[in-house]
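Inspection log for the structure reproduced underneath, given as structure tokens.
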Amino acid sequence: MFYEPAKRNHGLPHDPFKGIVAPRPIGWIGSYAEDGTANLAPYSFFNAIGSAPPLVCFASEGYKDSVANIDKTGAFSCNLVSYDLKDQMNKSSASVPHSVNEFDLAGLREEKCRLVNAPYVGEAPVVMECVHLETKQMKDRHGIQTPSTVVFGEVVGIYIDDSMLRNGILDARRLRPVARMGYREYSVADTPFEMMRPDG
């Protein structure tokens, strides 16, 4: 089949685009509102985009609380969703009033980052503390503003649970990170394999 996304002429019950780019890592974003209320929300349009310095970004379809908080406070955390935290991650995705603390809603331990003004998930095996670099409202090829807002951050601190390391390497078999496959499907990465890059 072939279709043009702008025309939505795929003829399928659901838009297949969200299932094409998969698996997608989940950025479980922690932030504070100006009044100190903690916010926690998962974003599956999330990734690392550089390593020197380490950079991350996530996209929100709409100007949601996470984006508003980060724009005002200049900081956020990215909490890795391990398989044993999948249900809490899902609970934190609920559409609730701004005043609701999703850490409490999901039954998670709210901790304060060491280097930035943001909360993080105390149970998370890996946490990245981030300084906000830029928020960009995306436009389409015609210059028309879209609902997608992308937040860029620089990672200034990283916490790794020592039990997730094996021979000095972050072990995916222990970590079991959860990723979004599209629609309502998720996957877990727990069967890594190695390939050596060809010489030259």
Side-chain angles (χ1 to χ4, degrees), residues 1-34 37-81 86 89-100 102 116-119 127-156 177-189:
M1 67 173 287
F2 175 83
Y3 77 100
E4 297 176 60
K7 295 181 180 179
R8 300 184 182 182
N9 58 350
H10 47 70
L12 302 173
H14 301 285
D15 183 355
F17 173 75
K18 292 182 179 180
I20 293 171
V21 183
R24 300 193 307 274
I26 298 168
W28 207 6
I29 307 300
S31 63
Y32 284 129
E34 282 189 304
T37 302
N39 181 273
L40 181 67
Y43 291 87
S44 65
F45 290 116
F46 165 83
N47 222 316
I49 55 171
S51 63
L55 304 172
V56 294
C57 71
F58 73 93
S60 173
E61 294 189 330
Y63 195 80
K64 297 180 181 176
D65 287 344
S66 298
V67 181
N69 291 349
I70 293 165
D71 277 349
K72 290 173 183 173
T73 64
F76 60 99
S77 69
C78 296
N79 305 270
L80 195 140
V81 181
K86 67 184 187 312
M89 178 274 294
N90 193 43
K91 286 179 184 177
S92 72
S93 71
S95 296
V96 294
H98 174 78
S99 59
V100 173
E102 287 87 357
V116 302
N117 181 30
V127 177
M128 295 180 285
E129 300 188 5
C130 305
V131 172
H132 178 228
L133 296 179
E134 181 182 0
T135 297
K136 187 170 181 62
Q137 185 76 44
M138 300 303 297
K139 295 180 180 179
D140 67 13
R141 66 188 190 280
H142 304 296
I144 299 171
Q145 188 168 293
T146 75
S148 294
T149 301
V150 185
V151 175
F152 298 88
E154 179 177 342
V155 180
V156 296
V178 173
R180 187 73 182 269
M181 296 300 295
Y183 311 113
R184 295 175 180 166
E185 294 183 328
Y186 293 81
S187 66
V188 59

Exercise: do Thr146 and Asp140 side chains pair donor with acceptor under 3.5 Å: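 Thr146 vs Asp140: no donor-acceptor pair found between side chains.
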Roughly how far, to the nearest 0.5 Å, is the [atom2] atom of [Y] from the [atom1] atom of [X]?
X      : Y      : atom1 : atom2 : result
Asn79  : Met89  : CG    : CE    : 12.0 Å
Ser92  : Glu102 : OG    : CD    : 7.0 Å
Lys136 : Ser148 : NZ    : OG    : 12.5 Å
Met181 : Tyr186 : CE    : OH    : 12.0 Å
Leu55  : Leu133 : CG    : CG    : 6.5 Å
Met1   : Asn9   : CE    : CG    : 7.5 Å

Set of side-chain hydrogen bond (donor to acceptor under 3.5 Å, both in side chains) partners for Glu4, sequence neighbours left out: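 For Glu4 the side-chain hydrogen bond (donor to acceptor under 3.5 Å, both in side chains) partners, ignoring immediate neighbours, are Lys7.
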Partner residues of Thr149 under the side-chain hydrogen bond (donor to acceptor under 3.5 Å, both in side chains) criterion, sequence neighbours left out: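 side-chain hydrogen bond (donor to acceptor under 3.5 Å, both in side chains) check on Thr149 returns Gln137.
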Does any non-hydrogen side-chain atom of [Y] lie less than 4.5 Å from one of [X]?
X     : Y      : result
Leu40 : Trp28  : yes
Pro5  : Tyr3   : yes
Lys86 : Val188 : no
Ile70 : Ile29  : yes
His10 : Phe17  : no

Do you know which two heavy atoms are closest between [X] and [Y], and how far apart they sit?
X      : Y      : result
Val127 : Ser77  : CG1-CB, 4.3 Å
Cys130 : Val155 : SG-CG2, 3.9 Å
Ser31  : Ala75  : CB-O, 4.4 Å
Thr73  : Tyr32  : CG2-O, 3.2 Å
Gly143 : Lys139 : O-CD, 3.6 Å
Asn69  : Ala33  : OD1-CA, 3.4 Å

Would the number of heavy atoms belonging to other residues, nucleotides or ligands and lying under 6.0 Å from [atom1] of [X] be above 12?
X      : atom1 : answer
Tyr183 : OH    : yes
His98  : NE2   : yes
Lys18  : NZ    : no

Mutual orientation of the aromatic rings belonging to Phe76 and Phe58 [parallel < 30°, tilted 30-60°, perpendicular > 60°]: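 The arrangement is perpendicular - the two ring planes meet at more than 60°.
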Any residue meeting side-chain contact (heavy atoms from CB on, under 4.5 Å) with Asp71, in chain and number order, not counting sequence neighbours: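 With neighbours one apart ignored, the set is Tyr63, Val67, His132, Thr135.
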